[in-house]
Amino acid sequence: MRRQSNGVGPSENRSRRFRVAPDASTQVVEERASNAGVLLFSAVLFAAVFLVALGLGGLVAGVVTLPGIAVAAVAAALGTASCHVAQQWERVVVLRLGRFNRVSGPGLFWTWPVVEANTLRVDTRTRVTTFYAEETLTADLVPLDVDAVLFWHVWDAKAACLEVGDFTRAVEMAAQTALRDAIGRAGAAEVAIRREQLDRELKRVLEEKTAPWGVTVLSVEVRDILLPRELQEAMSLEAQAEQRKKARIILMEAEQDVFETLAEMEDLVGGPEAVGRLRTMHLLNESLREGKGTVVIPSAFAEGFNEGLGDLLKG
């Protein structure tokens with residue numbers, strides 16, 4: 001029995017149990033990418049330009065003045081704004097006066113202050129997106145809960161910036177919609193059994209939809225499919241019946257082979273009656289092999305006791 005606490009309903013509990021999110025405690029901090037180097041470079045560049053501009057102003061004026069400090073600060077700010085560093089996995093979309101100019105990076109690149117702007121920094125590494133479909137009806141009107149994982153990356157930073165507003169959100173919504181459509185076109189048994197076919201279909205649909213956004217879908221993997229309990233029991237009974245059917249067919253084939261072998265032995269054991277007695281002995285041996293039964297064989301000795309007991313009772 002599932003308990004409810006803190007006023008959370010059963011549907012919310014079920015949703016929280018179904019949704020799988022990465023555990024932050026399992027991530028190693030040292031393995032995360034850091035932008036500390038880029039920030040340090042900008043700080044050092046600002047300080048260097050400020051000191052150089054302040055020194056030049058002092059040489060020209062002969063003394064360091066407040067306007068000279070202001071000019072040095074402005075020069076340092078413009079120098080820092082024009083010099084940029086992109087990480088190895090980053091691509092930076094640069095616009096000049098609102099129009100697309102180029103994609104810069106990785107490494108050191110320059111822009112014109114005020115005229116050019118870094119619009120978007122795109123991470124080109126492989127990304128993992130978890131998406132799911134809750135209580136989605138199949139073609140035979142069975143509600144299913146399906147949880148899947150999408151592996152993708154951005155190969156065209158220009159298209160990711162100019163063709164779609166939020167490409168990460170768009171990819172997630174497209175994956176969820178494609179999953180619901182795929183479930184609705186198939187039956188519950190087909191979705192549960194043909195998981196690899198569902199993966200290939202989702203990958204094909206998402207590739208066609210996300211290609212104009214500069215996104216490449218690497219793979220789609222269905223992690224879990226939750227069937228209603230009633231359907232699980234029905235499918236289990238169906239599987240058990242199928243196994244019993246196969247077992248009976250195999251047993252009948254074995255019996256047929258035994259009879260064919262015994263038919264070939266008629267000349268050796270003395271005719272059909274001897275073959276029948278031999279088969280009876282074999283069946284008796286099989287029934288007693290596990291030691292769970294008792295076989296009673298009538299004999300003339302027992303019949304003699306029965307006749308004497310009957311005469312005694314009559315007297």
Smallest separation among heavy atoms of A53 and A75, with atom names: CB-CB, 4.1 Å
Return the set of residues passing ring-ring contact (aromatic ring centres under 6.0 Å, His included) with F109 (not counting sequence neighbours), or none when no residue passes. H84
Nearest-0.5 Å distance, NE2 of residue H153 to OG1 of residue T124: 8.5 Å
Run the side-chain donor-acceptor check on residues 88-99: report pairs under 3.5 Å with partners two or more places apart or on a different chain.
residue : atom : partner : partner atom : Å
E90     : OE1  : Q87     : N            : 3.1
E90     : OE1  : R121    : NH1          : 3.0
R91     : NH1  : Q88     : O            : 3.1
R96     : NE   : E116    : OE2          : 2.7
R96     : NH2  : E116    : OE2          : 2.3

Please confirm whether the backbone N or O of A148 pairs with a side-chain atom of E221, one donor and one acceptor, at under 3.5 Å? no
Mind checking the OG1-CG spacing from T216 to L218? Nearest 0.5 Å is all I need. 7.0 Å
Quiz question: by atom type and distance under 3.5 Å, do the side chains of T126 and W152 form a donor-acceptor pair? no
Write down the atom of V122, the atom of A157, and the distance for their closest heavy-atom approach. CG2-CB, 3.8 Å
Give the C-alpha distance, both sets of side-chain angles, the deciding distance and a yes or no for side-chain hydrogen bond (donor to acceptor under 3.5 Å, both in side chains) between W112 and S82. CA-CA 6 Å; W112 292 101; S82 62; over 6 Å; no
Hydrophobic clusters here meaning ILVMFWY residues chained together by side-chain heavy-atom distances under 4.5 Å, can you tell me if I225 and V220 are in one? yes
What's in the same ILVMFWY side-chain cluster as V49, cut-off under 4.5 Å, chained through other members? V38, F41, L45, V85, L108, W110
Will you find, in the side chains of T168 and R127, an N or O donor that is under 3.5 Å from an N or O acceptor? yes
Please assess V171 against F131 for the test side-chain contact (heavy atoms from CB on, under 4.5 Å), listing each intermediate value before the final yes or no. CA-CA 10 Å; V171 169; F131 60 101; over 6 Å; no
Please find the pair of heavy atoms, one from D140 and one from G187, that lie closest to each other, and give the distance. OD1-CA, 3.7 Å
Between E163 and K158, does any side-chain N to carboxylate O distance fall below 4.0 Å? no
Close side-chain approach of V217 to T210, heavy-atom, < 4.5 Å: yes
Do Y132 and D145 pass the side-chain contact (heavy atoms from CB on, under 4.5 Å) test, and can you show the C-alpha distance, the side-chain angles, and the key distance before you say yes or no? CA-CA 7 Å; Y132 47 86; D145 292 341; over 6 Å; no
Is there side-chain contact between R102 and T111, with heavy atoms separated by less than 4.5 Å? yes
Candidates L206, L202, L150 - the one meeting side-chain contact (heavy atoms from CB on, under 4.5 Å) with L179: L202
Hey, mind stepping through R125 and D123 against salt bridge (charged side-chain N to carboxylate O under 4.0 Å, His left out) and telling me if it holds? CA-CA 6 Å; R125 293 174 293 183; D123 193 332; 2.7 Å; yes
Is there a donor-acceptor pair closer than 3.5 Å between any side-chain N or O of D199 and the backbone N or O of V222? yes
Is E207 paired with R204 through a side-chain N to carboxylate O contact shorter than 4.0 Å? no
I183 CD1 to T136 OG1 distance, which is reported to the nearest 0.5 Å: 4.5 Å
To the nearest 0.5 Å, tell me how far T130 OG1 sits from D147 CG. 6.5 Å
Taking every non-hydrogen atom, the tightest pair across A188 and L144: CA-CD1, 4.2 Å
Closest non-hydrogen contact found for A159 with P212 is CB-O, 3.7 Å
As an exercise, state the distance from CZ of R185 to CZ of R180, rounded to the nearest 0.5 Å. 14.0 Å
Mind checking the CG-SG spacing from D156 to C161? Nearest 0.5 Å is all I need. 10.5 Å
Minimum heavy-atom separation for L198 and A182, please, with both atom names. CD1-CB, 3.5 Å
